[in-house]
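In this text, all values refer to a predicted model and were calculated from it rather than measured experimentally.
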Amino acid sequence: MKKIFYLMTFSLLFLVSCSSDESSSESASSDLLLKQIIEGDVLFGGTVTNYTYNGNKLVEIRRTNDSDVNSHIYTYTGDVITKIEKFEVYNAGTVDEQTGLISTDEFQYNANNQLVQFKTTTPDSDVERVTTYVYNSGNTISLSQYENSPGNAPELLKTGTITLQNGEIAQLQIVKEFDSYTDNYTYDTKNSIFKNVVGYDKLLLTHIIGKQGSLTFVDTIVGGVSNNFVNGGEFEYTYNSDNYPLTAEQSWFGSVLHSFEFVYY
């Protein structure tokens with residue numbers, strides 16, 4: 001077991017291979033694709049997230065709990081992800097299954113396949129939220145997020161600076177009118193659960209999950225005060241022989257509150 005710290009948002013990780021062969025979470029393949037995450041929570045019950053692929057390209061992430069079912073549908077242009085449509089699923093698994101669109105994320109890239117724009121829209125509103133990324137010399141990226149609505153000038157929501165180290169996000173500095181903070185990130189040398197998913201690493205700036213390894217520690221600094229334990233929790237991981245996570249337990253003050261099991265194709 002290895003004790004590590006991680007974000008609460010780990011429980012919101014977002015993918016059925018074209019092969020019909022199913023392997024257990026103990027598979028020893030080094031080309032694993034995440035099939036399923038099984039979560040248990042002492043407050044909110046259980047959740048099962050299933051991941052579907054076409055080859056190594058993500059097709060759908062479907063998350064099911066006691067109260068609802070959500071589906072994220074992925075669209076590629078070449079080898080980069082250009083759209084994620086997020087749906088609520090009604091009457092899931094029946095002949096009467098229907099979906100309702102919640103929101104759409106769209107991604108634009110430069111000639112080097114680096115993410116330069118991330119836009120979110122909803123079907124019941126003309127307002128769109130747009131985040132742009134500018135790649136500076138060295139290892140930093142500047143970001144700006146705006147809210148656009150018809151007939152109005154874009155409203156600046158926040159700005160920030162992302163610092164990269166060894167291809168991973170090492171620091172995120174965010175400036176907002178009433179809520180500025182700095183996040184410092186640390187990673188292990190294990191494999192990311194999304195390591196073999198085509199194009200997922202290009203979304204590194206929007207999904208702060210390890211590109212090569214697994215995120216192990218987040219230190220959030222607000223007003224000069226470190227808040228790492230408030231935002232995270234202690235994790236104990238087990239790994240397979242190829243260093244992919246198999247299980248995790250998330251605990252606070254010695255009590256396990258959330259558990260994860262990772263199943264691979």
Side-chain angles (χ1 to χ4, degrees), residues 5-10 12-14 74-84 86 103-122 125-150 152-187 192 194 197-228 230-232:
F5 288 82
Y6 201 14
L7 283 171
M8 272 294 290
T9 49
F10 181 90
L12 301 177
L13 287 174
F14 307 127
Y74 283 69
T75 298
Y76 283 78
T77 300
D79 287 335
V80 296
I81 297 167
T82 49
K83 183 166 65 174
I84 304 175
K86 301 177 180 179
S103 64
T104 301
D105 295 339
E106 296 177 275
F107 308 94
Q108 294 182 13
Y109 304 83
N110 62 20
N112 296 319
N113 282 338
Q114 295 171 314
L115 184 67
V116 294
Q117 181 177 288
F118 166 35
K119 180 174 70 175
T120 298
T121 57
T122 57
S125 173
D126 291 330
V127 176
E128 59 183 29
R129 183 164 294 188
V130 178
T131 305
T132 59
Y133 303 92
V134 176
Y135 294 80
N136 308 313
S137 59
N139 60 343
T140 64
I141 302 168
S142 300
L143 71 86
S144 300
Q145 186 178 87
Y146 294 87
E147 190 168 84
N148 299 328
S149 57
N152 297 304
E155 178 186 356
L156 180 64
L157 301 179
K158 63 184 178 183
T159 60
T161 302
I162 297 168
T163 302
L164 301 179
Q165 185 175 5
N166 298 322
E168 304 279 19
I169 295 178
Q171 185 178 80
L172 173 64
Q173 296 173 292
I174 294 295
V175 177
K176 296 191 286 187
E177 186 175 1
F178 301 109
D179 182 23
S180 298
Y181 61 89
T182 298
D183 283 344
N184 296 304
Y185 300 91
T186 305
Y187 304 82
S192 166
F194 298 109
V197 180
V198 171
Y200 204 85
D201 61 320
K202 306 300 182 185
L203 302 184
L204 177 69
L205 305 182
T206 66
H207 301 67
I208 302 180
I209 299 172
K211 180 178 180 181
Q212 290 108 13
S214 298
L215 182 63
T216 61
F217 188 85
V218 179
D219 181 19
T220 298
I221 300 172
V222 181
V225 179
S226 175
N227 296 274
N228 56 67
V230 174
N231 291 330

Exam field: side chain [X] to backbone [Y], donor-acceptor pair closer than 3.5 Å:
X	Y	result
Y181	L172	no
Y109	K202	no
N110	N112	yes

Does the side chain of [Y] come within less than 4.5 Å of [X]'s, by heavy atoms?
X	Y	value
T140	L164	no
I84	F107	yes
K176	I174	yes
F118	L205	no
Y135	I162	no

Nearest-0.5 Å distance, [atom1] of residue [X] to [atom2] of residue [Y]:
X	Y	atom1	atom2	value
T161	I141	OG1	CD1	10.0 Å
I81	D105	CD1	CG	11.0 Å
T121	N148	OG1	CG	11.5 Å
L156	E177	CG	CD	10.0 Å
Q173	N184	CD	CG	8.0 Å
E147	K158	CD	NZ	12.0 Å

To check you understand the geometry: which heavy-atom pair defines the closest contact between [X] and [Y], and what is its length?
X	Y	result
L204	G167	CD2-O, 3.3 Å
S103	T120	CB-CG2, 4.3 Å
Y146	P154	CD2-CB, 3.9 Å

Original post:
Can you tell which of V130, L157, T132 makes a side-chain contact (heavy atoms from CB on, under 4.5 Å) with S144?
Top reply: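 Result for side-chain contact (heavy atoms from CB on, under 4.5 Å) with S144: T132.
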
Subject >> Q117 CD: over 12 foreign heavy atoms closer than 6.0 Å >> reply: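 Enclosed: over 12 neighbouring heavy atoms sit under 6.0 Å from CD of Q117.
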
